[in-house]
Amino acid sequence: MTNSTIAVSEKSYLEEGTTKKATGILSWLLSTDHKRIGIMYLVSISVFFFTGVILGVLMRLELIAPGRTIMDAQTYNTIFTLHGVIMIFLFIIPGMPAVFGNFFLPLQLGAKDVAFPRLNLFSYWLYLFGAALVLVSLFVEGGPIDTGWTFYIPYSVRTNTNVSIAIIAAFILGFSSILTGLNFVTTVHRMRAPGMTYFKMPLFVWATYATAWIQIIATPVIGITILLVVLERLFGVGIFDPSLGGDPILFQHMFWIYSHPAVYIMILPAMGVVSEIIPTFCRRTIFGYRAIAMSSLAIAFIGYLVWAHHMFTSGMSPTANIIFSFLTFLVALPSAIKVFNWIATMYKGSIDLKPPFLWVMCFIFLFTIGGLTGLVLGALVTDIHLHDTYFVVAHFHYVMFGGTGAIFFAALYYWFPKITGKMYNQKLASFNAGLFFVAFNILYFPKFILGYMGMPRRYFDYLPEFTTLQVISTVGSWIMLISIILIIYNLLSAVFNGKKSEPNPWGGVTLEWHIASPPPLENFHEIPVVTKEPYDFSQLKTMKYVPKGEEHE
Ligand code: HEM
Ligand SMILES: [Cu+2]
C-alpha cells in the first residue's frame with residue numbers, strides 16, 4: 001500500500017446499506033453490498049448447519065445400541081439422506097465461497113464490490129429458494145427422500161418419496177453456485193486494484209479463484225444429470241434405469257464427474273484461509289507463495305480426472321480402475337505441497353497461539369488423517385474391502401468436517417473482528433478448539449475401526465460386537481454438540497455485548513486490514529495502489545489507524 005495511514009471512524013456497512021428507501025430487514029434482503037450478502041449467507045448457512053448437526057446427533061442416538069432405539073429403519077434412511085443433503089448442498093459446498101469469498105474477495109483485491117452486485121444478490125435468493133424447496137419436500141405427500149445424498153439409480157427412480165422435488169432444489173442450488181463462480185472469476189479478472197498483479201493477490205483470492213472455475217465448469221454436469229433423473233421418474237425415458245434399457249453406471253459416472261470436483265469446491269477456499277492465517281500468526285511471509293497458488297490451480301485441474309475412484313467396485317475394467325487409482329494418488333501431491341509449505345512457514349516463525357491459529361492446527365491434524373485415509377481408499381486392494389463401510393464415513397467426515405468445517409470456524413474467528421468490529425472471548429475460543437479436536441476424534445475415529453471390521457454405512461442396526469465402538473462414537477457426538485453450541489454462544493454474545501476490537505487485532509497485512517473494522521459501505525474511499533507483496537510484514541510498522549479527516553497529515 002502507498003497510503004499507510006488509515007481512517008477508522010466512518011459509518012460502516014452495518015449502519016448504512018445500498019438501498020436508500022428500504023429499512024430494517026429489507027435493507028438486508030435487497031442489499032447488493034457484498035458484505036451484507038456474505039452475512040446473509042452466514043446466517044442462513046449456520047441455521048442449516050445446526051439443523052444438520054441435530055440430525056447427526058439423532059442418528060448417533062439411534063446407534064447407541066443394536067436394534068431399534070429411537071426410530072425405525074425408514075426414518076433412519078430419511079434422516080441420513082437429509083443430513084447428507086443439508087450438509088453437502090446447503091452447508092459445505094456454498095459455505096466458504098458464499099460467506100467468506102463474498103465478504104473478503106473484494107476487500108483483499110482492493111475493490112468496492114464484486115463485478116456484478118445484483119447477480120450476487122440473485123444468487124443468494126436462488127440459494128434461499130432452493131433451501132425452501134428442500135423444506136417443502138419434507139412435508140408434501142410422499143415424504144422426505146430416502147436415497148442418500150447421492151441419489152443413486154435405480155432406487156432413486158423407484159422410491160415413492162419426494163425425490164423429484166429434492167432434486168429440483170439441488171438443481172437450483174447449483175445455479176446459485178454457478179452464478180457466484182462467474183461473479184468471482186470476473187471480479188478477479190477485472191476488479192483488482194492498481195498494482196495488484198496476479199502474483200500479488202493473497203492466497204485466499206487464488207484459492208477462491210480456482211474454486212470459482214470449478215463451480216462454473218463442473219456444476220452444470222450435475223444439473224443435467226439430476227434433471228435426467230427427474231425425467232426418468234416422470235416419463236420413464238430409460239437413460240439410467242436398466243429395466244428400461246438404461247445404464248445405472250452411467251449415472252454414477254455423471255454424478256461423480258461433478259461430485260468429485262465438488263470436494264475441491266469445499267476444500268480449496270478453506271486451504272486459502274489457512275494460507276492467510278499461518279503467515280499472520282507466524283509474522284512471517286508465506287513459504288512458497290507461487291507453489292501454493294499454482295497448487296490450487298493444479299488441484300482444480302487434476303480434480304477433474306479422478307471421479308471414478310468412487311466406483312472401483314462397480315465393475316469397471318481393470319484398466320480403468322488402475323488409471324483412476326493412479327490419478328487419485330497424483331492429486332494428493334498438490335495438497336501435500338500446501339501442507340509442506342505451511343509447515344515450512346511456521347518453522348522459525350514467531351508463533352502466536354491465538355484462537356484462529358489453534359483452529360488451523362486442529363485442521364492440519366484432522367485433514368491429514370482425512371487425506372491419508374483417502375489414499376487407503378484410493379488403493380484398489382484396500383478399497384474393495386472398505387467400500388461402503390464406516391471407514392468411508394470416517395474418512396469424509398475427517399476431510400469435510402475436520403478439514404473445511406474446522407476452517408469455517410477458523411475463518412470466523414480470524415475475520416470476526418473485521419466483520420463486526422467486536423472481539424469475542426479469546427480464552428473460550430481457544431478452549432473450544434481443543435474441545436472440538438477431542439470431540440471430533442471420539443466421534444469419528446471409532447468409525448475407521450468399525451469400517452475395517454466390516455460395519456456397512458447407511459444401516460440403522462448392527463451386530464452386537466460393534467456396540468462398544470458405536471457407544472464411544474455416540475458419546476463423542478454429545479461433546480461435539482456442546483463444542484458447537486459453545487462456538488455459537490461465544491460469537492453471538494460477542495455480536496451483542498462484545499468489547500470493541502482494534503482495527504487490526506492480529507497484525508494482518510492483506511488489504512482488508514488496511515481499512516476500518518467494520519468496513520465502510522464502499523470499502524476503500526480511495527482505491528489503494530498496491531506496491532508490496534501480500535505477506536510483507538514490514539508494512540506493519542507504518543500502518544497507523546487514525547480518526548477520519550486526519551489521515552492525510
Ligand atoms: C455433530 C456432527 C455430526 C454427526 C454426529 C454426524 C454423524 C453422521 C452419521 C451417524 C452419519 C451416517 C452414517 C451411516 O449410517 O452411514 C453421517 C453421514 C453423513 N454425514 Fe455426518 N455428522 C456430523 C456432521 C457432518 C458434517 C459437518 C458434514 C459435512 C460437512 C457431514 C456430512 C455427512 C454426509 C455427506 C453423510 C453421508 C450421508 C449419506 O450416506 O447419504 N456430517 N453423519
Ligand atoms: Cu472423489
Side-chain angles (χ1 to χ4, degrees), residues 45 48-64 73 76-96 145-152 156 252 255-264 266-267 270 302-312 324-325 327-328 331-332 366 370 374 377-378 383 388-409 436 439-440 442-444 446-447 450-451 455-462 470 473-485:
I45 283 173
F48 296 123
F49 169 69
F50 197 70
T51 315
V53 167
I54 297 296
L55 294 173
V57 171
L58 286 176
M59 279 189 281
R60 287 298 343 148
L61 274 180
E62 166 55 38
L63 294 168
I64 199 167
Y76 188 83
N77 294 348
T78 63
I79 289 194
F80 76 65
T81 304
L82 275 176
H83 171 79
V85 167
I86 290 178
M87 287 304 196
I88 297 284
F89 295 112
L90 294 177
F91 167 58
I92 207 87
I93 290 183
M96 299 299 300
I145 57 165
D146 59 352
T147 59
W149 78 276
T150 48
F151 312 125
Y152 266 23
S156 62
Q252 295 187 19
F255 181 84
W256 288 111
I257 285 177
Y258 165 75
S259 296
H260 187 83
V263 308
Y264 296 112
M266 307 169 195
I267 198 69
I302 309 175
Y304 280 106
L305 309 177
V306 302
W307 75 86
H309 62 200
H310 296 272
M311 300 164 57
F312 288 148
F324 280 110
S325 174
L327 289 168
T328 300
V331 79
L366 299 177
L377 293 167
D383 183 65
D388 262 348
T389 66
Y390 261 41
F391 193 91
V392 177
V393 177
H395 156 72
F396 69 66
H397 280 98
Y398 268 84
V399 260
M400 295 195 299
F401 193 9
T404 308
I407 290 304
F408 193 83
F409 303 136
F436 177 85
F440 193 95
I442 300 179
L443 170 55
Y444 296 116
K447 287 184 164 53
L450 281 166
M455 167 82 204
R457 68 187 282 199
R458 295 178 171 167
Y459 273 45
F460 101 123
D461 194 5
Y462 52 83
Q470 291 278 17
S473 174
T474 298
V475 171
S477 77
W478 299 334
I479 313 177
M480 177 55 80
L481 184 63
I482 296 173
S483 149
I484 286 167
I485 291 174

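Order of appearance sets the numbers: ligands from 1, and atoms from 1 within every ligand. Worth saying up front: this structure is predicted, and the values here are computed from it rather than measured. Numbers for residues simply follow the sequence, beginning at 1.
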G148 neighbourhood, listing ligand 1 atoms whose heavy-atom distance to it stays under 4.0 Å:
41 (O)

So which bit of I88 gets within less than 4.0 Å of ligand 1, heavy atoms only: side chain, backbone, both or neither?
side chain

Using a 4.0 Å cutoff against the non-hydrogen atoms of F401, which atoms of ligand 1 qualify?
2 (C), 24 (C), 27 (C)

Strictly under 6.0 Å, is that where the ring centroids of F91 and F408 end up?
yes

Which bit of R458 is near ligand 1, meaning a heavy atom under 4.0 Å away: side chain, backbone, both or neither?
both

Contact check, side chains of T389 and P456, non-hydrogen atoms, under 4.5 Å
no

Look at ligand 1 and say whether V53 reaches it with a heavy atom at a distance under 4.0 Å.
yes

Closer than 4.0 Å to some heavy atom of M400 - which atoms of ligand 1 meet that?
29 (C), 30 (C), 32 (C), 35 (C)

Any idea which N/O/S atom from H260 gets closest to the Cu ion (ligand 2)?
ND1

Taking the six-membered ring for Trp, are F324 and W307 closer than 6.0 Å centroid to centroid?
yes

Is there a side-chain contact between V399 and V263 in this structure, where contact means two heavy atoms from C-beta onward sitting under 4.5 Å apart?
no

Ligand-side contact atoms (ligand 1) for residue partner I92, heavy atom cut-off under 4.0 Å
30 (C)

Opening angle at the Cu ion (ligand 2) [NE2, H309; NE2, H310; to 10 degrees]
100°

Out of the candidates I88, L58, L55, only one should pair with H83 under the side chain to side chain contact (heavy atoms under 4.5 Å, CB included) rule; please name it.
L55

Could you check atom 29 (C) of ligand 1 against the protein and tell me its nearest heavy-atom contact, residue, atom and distance included?
M87 CB, 3.5 Å

For ligand 1, which atoms sit closer than 4.0 Å to a heavy atom of F396?
19 (C), 20 (N), 33 (C), 34 (C), 35 (C), 36 (C), 37 (C)

Just wondering, do F436 and L366 contact through their side chains at under 4.5 Å, heavy atoms?
yes

What distance separates F255 CZ from Y152 OH, expressed to the nearest 0.5 Å?
7.0 Å

For atom 38 (C) of ligand 1, tell me which residue out of F80, F49, F460 has the closest non-hydrogen atom.
F80

Which residue and heavy atom of the protein sit nearest atom 12 (C) of ligand 1, plus the separation:
M59 SD, 3.6 Å

Any heavy-atom pair between the side chains of I484 and F49 that's under 4.5 Å?
yes

So for ligand 1, is H397 a polar contact partner (N or O within less than 3.5 Å, distance only)?
yes

Purely on distance, is any nitrogen or oxygen of W149 under 3.5 Å from one on ligand 1?
yes

Y444 versus ligand 1: do any nitrogen or oxygen atoms come within less than 3.5 Å of each other?
yes

What closest approach, in Å, do M96 and I407 show between heavy atoms, and which atom pair accounts for it?
CE-CG2, 4.1 Å

Examine the proximity of ligand 1 to M480 and report which part, side chain or backbone, both or neither, has a heavy atom under 4.0 Å away.
side chain

Nearest-neighbour protein heavy atom for atom 15 (O) of ligand 1, which is reported as residue plus atom name and distance:
Y76 OH, 2.5 Å

Which of W256, Y258, Y264 passes side-chain hydrogen bond (donor to acceptor under 3.5 Å, both in side chains) with H260? Answer is Y264

Options R457, H83, M266, K447, ranked by nearest heavy atom to atom 19 (C) of ligand 1, top entry
H83

Using 30° and 60° as the class limits, which term best fits the ring planes of F312 and H309: parallel, tilted or perpendicular?
perpendicular

